[in-house]
Amino acid sequence: PVTVYRKDYQPYPYDIPHVALAFDLAPEATEVRCVMQVQRKADASADAALVLDGEDLELVSVAVDGQPLAADRYHQSEHSLALYGLPADASVEIVSRCKPAANSTLMGLYVSGGNFFTQCEAEGFRRITWFADRPDVMSRYRVTLRAEPAYPVLLSNGNLVASRQLPDGRNEVEWEDPFPKPCYLFALVAGNLTHRETTVKTASGRDVLLQVYSDPGAETKTEWALDSLVRALRWDETRFGLELDLDRFMVVAVHDFNMGAMENKGLNIFNAAYVLADAETATDANYEGIESVIGHEYFHNWTGNRVTCRDWFQLSLKEGLTVFRDQEFSADMMAQDMDEAAAASARAVKRIDDVVTLRAAQFPEDAGPMAHPIRPDSYQEIGNFYTATVYEKGAEVIRMQHTLLGEAGFRAGMDEYFRRHDGQAVTCDDFVAAMESVYVRQHPGRDLAVFRNWYRQAGTPRVTVKLEHDAATRRVTVTLSQDCQPVGVEKKAPAGFVKAPYHIPFAIGLLDREGRALPLRHEGAERETALLELTTQTQQWHFDGIDALPVPSLLRDFSAPVIVDYDWTDAELALLSAHDSNPFARWEAGQELATRQILSLADARQAGRTLHADPAFIDAWRALLTDPSLDAAYRARALALPSEKTLAERMQAVDPPALAVARDFLRAELGRQLAAEFRQAFDDNQTPGEYSPAPVPAGKRALKNLALSHLMAAGEHEAQRLAEQQYEHAGNMTDSMAALSALINYGQGEFPQQALAAFYDKWQDNALVVDKWFALQAAARYTTVQTARELMKHPAFTLRNPNRARALVFQFCLNNARGMHHPDGTGYAFWAEQVLALDALNPEIAARLARALDNWSRFVPALRTPMQAALQQVRGHEGLSRNVQEIVSKALE
Ligand code: B3K
Ligand code: ZN
């Protein structure tokens with residue numbers, strides 16, 4: 001496989017200012033006529049060939065300026081078409097055919113549920129027509145769609161400019177997108193769909209039409225998505241001064257989709273899981289996910305579409321920034337209409353959830369064979385780089401710039417970014433330069449030179465904290481030191497490669513021994529939180545007027561994506577967990593206590609000792625559970641045990657089954673020892689009446705259902721009655737799923753399996769609920785490889801639908817520690833089998849599953865060996881896709 005390097009970037013020798021595409025849509029074979037206006041760039045050599053990309057296409061004809069091109073003037077190879085001797089300004093017409101119904105990759109033009117859809121990012125447009133499939137070639141598109149009357153809805157980017165019936169009975173429409181765009185933002189949809197719509201006035205007073213399309217019958221489930229779209233539009237106007245630039249904005253739901261959604265200009269295509277919701281079928285998490293993804297794709301219209309990427313190495317330019325924007329959008333939506341304290345707690349809850357995701361997905365990536373900077377230097381398959389690093393760590397890198405510049409400064413930097421680059425395809429450096437132009441004005445003598453290392457280097461920096469107190473001078477000295485070892489590809493870097501320090505905004509508070517916040521004088525102001533800017537390997541700061549050695553509250557609000565090294569005592573952590581005025585750091589202290597507790601239980605388990613929970617830990621949990629000043633949503637986070645993924649990062653040799661046993665033991669032990677308190681929380685947080693996904697009732701359900709899971713895990717007879725009742729009377733999917741999950745994992749008797757069967761009977765026609773049903777079982781404690789295989793024989797199972805594959809196969813391989821990591825190695829053999837089966841259908845999805853064994857070399861020897869064997873088996877398979885090949889070969893390097 002070929003490796004592509006960022007340093008090899010060359011501009012394309014031609015401009016393609018205009019493209020006219022005409023589609024004769026038919027599932028078996030679709031003919032595409034592509035007419036492009038091609039202009040050689042002034043600085044390009046006169047004999048530069050026009051090299052176009054193409055994949056799985058049948059070439060029908062090539063013409064230049066209306067004349068068929070002689071055979072010796074073009075050359076077709078497996079994935080490219082080169083045209084020679086073109087005039088400086090030419091009209092190139094290429095006719096080709098593709099096969100949408102046979103396309104199981106879900107890239108390019110494909111059929112789902114009898115309708116046509118496209119997915120072009122990153123390199124799918126080349127499966128539709130021969131083209132310069134790279135983001136720095138931007139064109140105006142005019143699109144003609146022709147199809148049988150069975151496909152009454154015909155959509156593409158921009159505005160509908162014509163619509164007619166053809167003499168042969170087919171329909172023909174024309175769409176025109178007024179904005180130049182790279183081809184990865186092209187989209188078409190054709191089929192039998194219904195929609196819900198609304199018209200809103202933009203800030204400047206233009207009327208715009210917003211529409212959400214879905215399968216007929218699902219229009220009752222698109223209200224939340226459309227409302228979320230209106231909220232996103234308003235939010236981008238108020239927070240960033242960015243207005244919708246089109247007259248019409250469409251969202252279309254599709255059931256077969258590789259990712260969450262796609263930001264095609266004016267025609268977003270969404271995985272149905274991020275569009276369809278009603279109280280009966282969607283959980284609180286689904287509602288939140290829809291709002292956030294609708295926001296994310298909508299925000300791309302400016303950060304991604306108006307200003308796009310020069311090349312795919314710059315992916316985080318649009319993704320990190322847009323994730324940051326969707327995180328802020330969700331936080332603002334959650335905190336709206338609340339008083340100041342409640343709003344601060346709601347924002348902390350969102351921050352906690354985002355950091356949990358980062359730690360579970362990105363930290364392991366940064367420590368494994370696929371580690372890469374947020375702006376990678378090389379790739380074999382760009383589809384493999386839509387990663388937690390590019391997205392979530394990328395968002396953290398944007399957030400640090402926001403922290404360093406402040407809200408107003410960041411907004412000024414964004415304004416400057418658009419002033420400089422609207423309509424262009426640019427780089428991450430261009431973004432930082434715009435932010436820096438503001439930063440240097442705010443902070444004379446400083447710049448973002450060191451900050452740029454966040455884009456250049458991979459790995460999670462470790463910040464070690466030292467605290468000293470001098471009683472005579474009443475002075476506290478804080479020393480921060482940073483370290484980041486080479487990871488992933490950096491390990492193969494030439495000798496002498498040294499990693500440079502990062503610019504780390506490090507927010508810190510100090511508490512006295514009673515838990516009171518100490519005022520800190522820093523940079524001319526006195527505050528509870530000081531923002532220290534660590535820009536070299538080691539730096540010191542002094543805080544005066546402090547009587548005794550305080551307890552430090554570190555990395556408040558997770559001000560940088562780093563690991564903190566500080567040796568708190570358990571008592572200090574308990575103090576922070578009870579008193580820290582920074583809700584994020586307070587949560588963090590409790591999580592650290594729980595982590596220590598579970599790791600020591602896992603140790604005991606491995607050594608064959610009996611397991612005991614530390615009474616001090618139980619006390620800390622009781623204090624959180626019963627603290628009346630904490631709202632339910634926050635308490636649900638504070639009391640959640642750290643995930644197995646996060647815990648694994650803390651183990652010398654990872655042993656997932658031992659962790660699972662330790663976590664389960666603690667869950668049950670807490671349920672036993674705090675039975676009365678959990679029962680009280682269960683009773684106090686019922687949400688009778690009409691369902692609302694708003695953060696307050698959702699928070700109550702989260703706490704109530706957490707309580708239920710502890711009570712069930714503790715094995716109380718009374719608990720099962722509560723769970724059964726909740727399951728039978730639940731008025732929303734959050735409560736039914738929570739009860740059913742508790743029942744199948746911890747319940748007794750026949751009720752759990754009967755309920756499971758009845759659940760399927762009730763929801764068998766709703767694909768998204770059937771996915772939940774598979775997922776629940778795939779992750780269940782009793783599920784073994786054998787049960788997973790049995791489940792795959794269910795008539796509703798198919799590997800062809802990514803949501804279904806994710807519900808069963810991915811859930812099992814990624815979230816079932818006992819089944820997947822059984823020492824007999826059968827879990828890994830199952831994984832290898834499924835990776836290969838998926839690879840034959842859909843390489844992008846197969847490569848995602850392939851990553852499940854990334855960190856095999858850090859596991860206990862008994863697991864490491866069969867994991868390695870499974871990886872080798874996959875690597876040795878003939879005909880492996882480039883996608884999977886890159887993953888497994890890097891894992892084995
Ligand atoms: N930009 C799309 C990514 C789709 C890429 C799939 N290979 C989704 C998003 O981040 O909005
Ligand atoms: Zn995105």
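Values below: every heavy atom of this structure, side chains too, minus hydrogens, waters and symmetry copies. Numbering of residues begins at 1 and proceeds along the displayed sequence. Each ligand, and each atom within it, is numbered from 1 in the order the structure gives.
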For the residue pair Val884 and Ala846, what are the closest heavy atoms and their distance?
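Looking at all heavy atoms of both residues, the shortest contact is CG2-CB, 3.7 Å.
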Between Gly394 and Ile374, what is the shortest heavy-atom contact and its length?
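Shortest heavy-atom separation between Gly394 and Ile374 comes out as N-CG2, 3.8 Å.
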Got an N, O or S from Glu297 under 2.8 Å of the Zn ion (ligand 2)?
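Checking Glu297: none of its N, O or S atoms is under 2.8 Å.
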Of all N, O or S atoms in Glu319, which has the smallest distance to the Zn ion (ligand 2)?
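Result: OE1.
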Would a line drawn from the ring center of Trp312 to the ring center of Tyr379 be shorter than 6.0 Å?
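Trp312 vs Tyr379: aromatic centres not under 6.0 Å.
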Measuring centre to centre across the rings, with the benzene-like ring taken for any Trp, is Trp831 within less than 6.0 Å of Phe812?
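No, the ring centres sit 6.0 Å or more apart.
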Kindly report the NE2-the Zn ion (ligand 2)-NE2 angle for His300 and His296 respectively, rounded to 10°.
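My answer is 100°, to the nearest 10°.
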Using a strict threshold of under 4.0 Å (side-chain N to carboxylate O), is an ion pair present between Arg419 and Glu416?
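Arg419 and Glu416: salt-bridged.
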Tell me, yes or no, whether the heavy-atom count around Phe257 atom CZ, taken from other residues, nucleotides or ligands under 6.0 Å, exceeds 12.
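Correct, the count exceeds 12.
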Note every protein N or O atom lying under 3.5 Å from an N or O atom of ligand 1, pairing the names and giving the distance.
from: ligand 1; atom 1: 1 (N); to: Glu121; atom 2: OE1; distance (Å): 2.6
from: ligand 1; atom 1: 1 (N); to: Glu263; atom 2: OE1; distance (Å): 2.7
from: ligand 1; atom 1: 1 (N); to: Glu263; atom 2: OE2; distance (Å): 3.4
from: ligand 1; atom 1: 1 (N); to: Lys318; atom 2: NZ; distance (Å): 3.4
from: ligand 1; atom 1: 1 (N); to: Glu319; atom 2: OE2; distance (Å): 3.1
from: ligand 1; atom 1: 7 (N); to: Glu121; atom 2: O; distance (Å): 3.3
from: ligand 1; atom 1: 7 (N); to: Glu844; atom 2: OE2; distance (Å): 2.5
from: ligand 1; atom 1: 10 (O); to: His296; atom 2: NE2; distance (Å): 3.4
from: ligand 1; atom 1: 10 (O); to: Glu319; atom 2: OE1; distance (Å): 2.9
from: ligand 1; atom 1: 10 (O); to: Glu319; atom 2: OE2; distance (Å): 3.1
from: ligand 1; atom 1: 10 (O); to: Tyr391; atom 2: OH; distance (Å): 2.5
from: ligand 1; atom 1: 11 (O); to: Glu263; atom 2: OE1; distance (Å): 3.2
from: ligand 1; atom 1: 11 (O); to: His296; atom 2: NE2; distance (Å): 3.2
from: ligand 1; atom 1: 11 (O); to: Glu297; atom 2: OE1; distance (Å): 2.7
from: ligand 1; atom 1: 11 (O); to: Glu297; atom 2: OE2; distance (Å): 2.8
from: ligand 1; atom 1: 11 (O); to: His300; atom 2: NE2; distance (Å): 3.3

Using atom types as modelled and distance alone, determine if a side-chain donor or acceptor of Asn268 lies under 3.5 Å from a backbone N or O of Asn264.
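Checking the backbone N and O of Asn264 against the side chain of Asn268, a donor-acceptor pair under 3.5 Å is found.
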